[in-house]
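One structure is given here, and the rest of the page talks about it.
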Amino acid sequence: MTDRIRKAGRHTSQSEGLIFEKSVPDKRGMELPPLDVPAVDARQALGAAYLRDTLEGFPEVSEVEVMRHYTRLSTWNYAIDLGMYPLGSCTMKYNPRVNEYVARLDGIATEHPYQPVELSQGCLRILDTLQNCLVEVTGMDACTLQPASGAHGELTGLLLIRAYLENQGNPRKKVLIPDSAHGTNPATAAIAGYAVENIRSDANGQIDVARLREIVNEDVAGLMVTNPSTVGVFEQHIAEIAQILHAKGALLYMDGANMNALAGIARPGDFGVDVMHLNLHKTYSTPHGGGGPGAGPVVVKKLLEPFLPVPVIAHQSDGRLTLDFNRPKTLGRMRAFYGNFGVLVRALAYALAYGPGIRQASEDAVLNANYIRKHLEDLFDLPYKFPSMHEVVFSDARQKKNGVSTTDIAKRLIDYGFHPYTTAFPLIVHGALMIEPTESESREECDLFIHAMRSIAEEAATNPELVKTAPHTTRVGRLDEVGAARKPILRWTPKATTEAAD
Ligand SMILES: *Cc1c(COP(=O)(O)O)cnc(C)c1O
């Protein structure tokens with residue numbers, strides 16, 4: 001196993017093994033000066049229970065070996081600090097360092113969530129200001145910052161719809177979801193206790209409004225729409241869609257994870273949305289990925305405000321802020337404390353840095369996606385010709401003729417120094433290449449990406465094997481993804497044990 005991995009790369013950094021394998025008996029990372037105080041017998045001082053006689057397989061390495069080991073490993077990672085991360089739907093924009101600085105300030109990083117409100121006025125002000133910013137940008141009326149992710153925001157939003165309808169006497173039975181929705185949407189509706197009914201998209205990737213009009217009835221609690229949708233197009237009939245739902249007492253939920261195309265340009269509250277979530281770890285540039293903390297705040301229209309999770313930040317008559325737990329119609333808590341505070345601080349730093357200038361971020365995101373589209377559409381199939389918003393979705397239909405799939409192209413992109421785009425999503429596009437450059441990328445960086453994609457298209461036509469066997473420059477090539485998921489090796493075991501087990 002280790003031999004196979006070792007062979008994969010020739011460069012020293014790529015051949016890096018496990019730190020345990022570097023171990024040489026009695027090698028040390030440091031040396032203490034001779035003792036100039038009386039020695040203490042730790043066994044006596046602490047009790048034998050605290051002492052280990054042996055530490056099986058503990059790596060014995062020098063300081064520089066430790067440094068090099070971890071530094072080499074760090075070069076295996078791809079990061080937004082290294083290059084473009086065009087994962088469609090994920091909005092992998094750059095996280096400005098100033099946001100990190102602000103989140104680490106004393107009095108922000110060191111506060112405790114159980115501090116009494118009299119001592120948390122600054123933190124509450126941060127949360128209150130962020131809520132106001134999000135309400136303003138979305139054109140809604142009220143906000144909760146509790147949800148920890150986009151999917152968690154969706155669940156909060158649907159539970160709000162359920163609470164509102166229940167309060168009216170009937171929670172209703174189903175939620176409508178277009179086939180262009182993000183995969184989390186149907187999962188959320190099911191967890192909120194609703195049956196999911198699919199609505200097909202028309203040839204432009206838009207909700208079929210005539211069909212919607214037919215199926216909205218008193219059983220429908222609401223519609224969940226991702227706007228712009230996962231094919232990167234804006235729902236042209238969104239205001240009419242809202243009217244159709246409202247006429248039957250149903251509500252409109254908008255998955256706002258793609259707000260990076262709209263912020264500062266269009267406000268969902270103005271086109272009929274009743275409740276939506278935002279992904280701060282996308283649109284508001286907070287760190288993203290690896291399962292770390294995110295934030296999926298939910299903003300609502302007035303009619304849903306009484307049902308928001310507790311506590312709600314409230315203004316006292318003396319101008320101070322407090323936490324209001326006394327909300328009889330609340331759906332309860334969605335999370336401990338007030339949400340992922342550190343993430344919320346970063347988002348506020350970003351929101352305040354841009355102010356109304358957030359509009360230019362959205363415009364540049366849309367411009368970059370369309371720039372890439374224009375320079376690739378002669379080589380890659382474009383299933384939906386409708387204008388692109390912040391992302392562009394191609395298909396591998398042309399390359400497929402030579403047996404090259406979207407996955408192959410994505411793997412080859414790694415050899416050109418880019419993180420792959422999103423493959424095989426959204427599901428309504430067969431063999432999708434979903435590309436979202438975000439506004440962070442300069443024209444020069446977009447050109448590099450375009451050049452790489454054009455070169456790969458050329459390779460797919462003239463030397464398909466090269467693409468189908470990519471990547472060629474990484475430490476390991478194509479992994480057995482099923483094996484990795486089904487039989488993960490999660491722990492290193494000392495050699496003697498491994499050999500015995502083999
Ligand atoms: C990212 C995304 C989600 C899910 O957000 P998480 O924070 O990963 O839970 C939902 N909908 C859309 C459209 C997204 O792009």
Side-chain angles (χ1 to χ4, degrees), residues 80 85-93 95 134 138 144-159 175 177-192 196 201 205-207 222-235 238 252-263 268 273 275-299 334-335 339-340 342-344 346-347 362 365-366 369 388-393 419 421-429 432 434-438:
I80 194 71
Y85 217 120
L87 266 184
S89 202
C90 294
T91 313
M92 304 299 285
K93 64 168 83 171
N95 313 140
L134 301 181
T138 54
T144 174
L145 299 172
Q146 273 185 32
S149 71
H152 198 201
E154 290 171 30
L155 180 62
T156 307
L158 276 211
L159 292 178
V175 167
I177 301 186
D179 54 9
S180 62
H182 194 265
T184 46
N185 293 185
T188 298
I191 291 178
V196 173
S201 303
Q206 304 268 313
I207 290 181
L223 168 76
M224 282 184 101
V225 62
T226 303
N227 192 24
S229 74
T230 54
V231 287
V233 303
F234 188 81
E235 288 290 348
I238 189 74
L252 178 56
Y253 184 93
M254 186 176 118
D255 179 331
N258 291 342
M259 199 59 195
N260 211 42
L262 302 186
V273 170
V275 44
M276 65 178 286
H277 79 267
L278 290 149
N279 280 49
L280 298 188
H281 45 289
K282 294 179 182 169
T283 315
Y284 283 83
S285 95
T286 71
H288 187 172
V298 170
V299 282
M334 288 304 291
R335 197 188 180 285
N340 281 328
V343 173
L344 302 173
R346 290 171 173 88
S362 304
V366 174
S388 292
M389 298 291 285
H390 61 301
E391 61 198 0
V392 53
V393 181
H419 192 282
Y421 49 77
T422 295
T423 56
F425 178 80
L427 299 178
I428 49 170
V429 174
M434 187 195 217
I435 300 168
E436 178 180 10
T438 84

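One-based numbering, in listed order, for ligands and for the atoms of each. Treat the numbers as computed from the prediction; the structure is a model and nothing was measured.
A distance-only check finds no donor-acceptor pair linking the side chain of Thr144 to the backbone of Val298 [under 3.5 Å]. Formation of a donor-acceptor pair under 3.5 Å by the Asn227 side chain with backbone atoms of Glu235 is found in this model.
Under a 4.0 Å criterion applied to the non-hydrogen atoms of Asn279, ligand 1 contributes the atoms 1 (C), 5 (O), 6 (P), 7 (O). Here is the list of ligand 1 atoms found below 4.0 Å of a heavy atom in Ser149: 7 (O), 9 (O). In summary, the atoms of ligand 1 found under 4.0 Å from a heavy atom of Glu154, numbered by their order in the structure, are 10 (C), 11 (N). For ligand 1, the atoms closer than 4.0 angstrom to any heavy atom of Ala257 are 2 (C), 11 (N), 12 (C), 13 (C), 14 (C), 15 (O). Interface atoms of ligand 1 facing Thr184, defined by a heavy-atom separation under 4.0 Å, are 10 (C), 11 (N). Contact atoms of ligand 1 toward Thr226: 13 (C) (distance under 4.0 Å to a heavy atom of the residue).
Proximity of His152 to ligand 1 is not established, as no heavy-atom distance is less than 4.0 Å. At least one heavy atom of Ser89 lies less than 4.0 angstrom from ligand 1.
Under the 4.5 Å side-chain criterion, counting only non-hydrogen atoms from C-beta, Asn258 is in contact with His390. No side-chain heavy atom of Ser285 sits less than 4.5 Å from a side-chain heavy atom of Arg346. With contacts defined as side-chain heavy-atom distances shorter than 4.5 Å, the pair Phe234/Leu262 qualifies.
Shortest contact from atom 2 (C) of ligand 1 to any protein heavy atom: Lys282 NZ, 2.4 Å. Looking only at protein heavy atoms, the nearest one to atom 6 (P) of ligand 1 is Gly150 N, 3.4 Å. In this structure, the protein non-hydrogen atom closest to atom 11 (N) of ligand 1 is Asp255 OD2, 2.5 Å.
The line from CG of Asp255 to NE2 of His277 is 4.0 Å long, rounded to the nearest 0.5 Å.
With sequence neighbours excluded, the residues that form a ring pair (Phe, Tyr, Trp, His ring centres under 6.0 Å) with His281 are His288. For Lys282, there are no salt bridge (Lys or Arg N to Asp or Glu O under 4.0 Å) partners, not counting sequence neighbours.
In terms of N/O distances under 3.5 Å, ligand 1 is not approached by Asn185.
Of the N and O atoms on the side chains of Thr91 and Asn279, not one donor lies less than 3.5 Å from an acceptor on the other residue.
Of the protein's heavy atoms, none falls inside 4.0 Å of atom 8 (O) of ligand 1.
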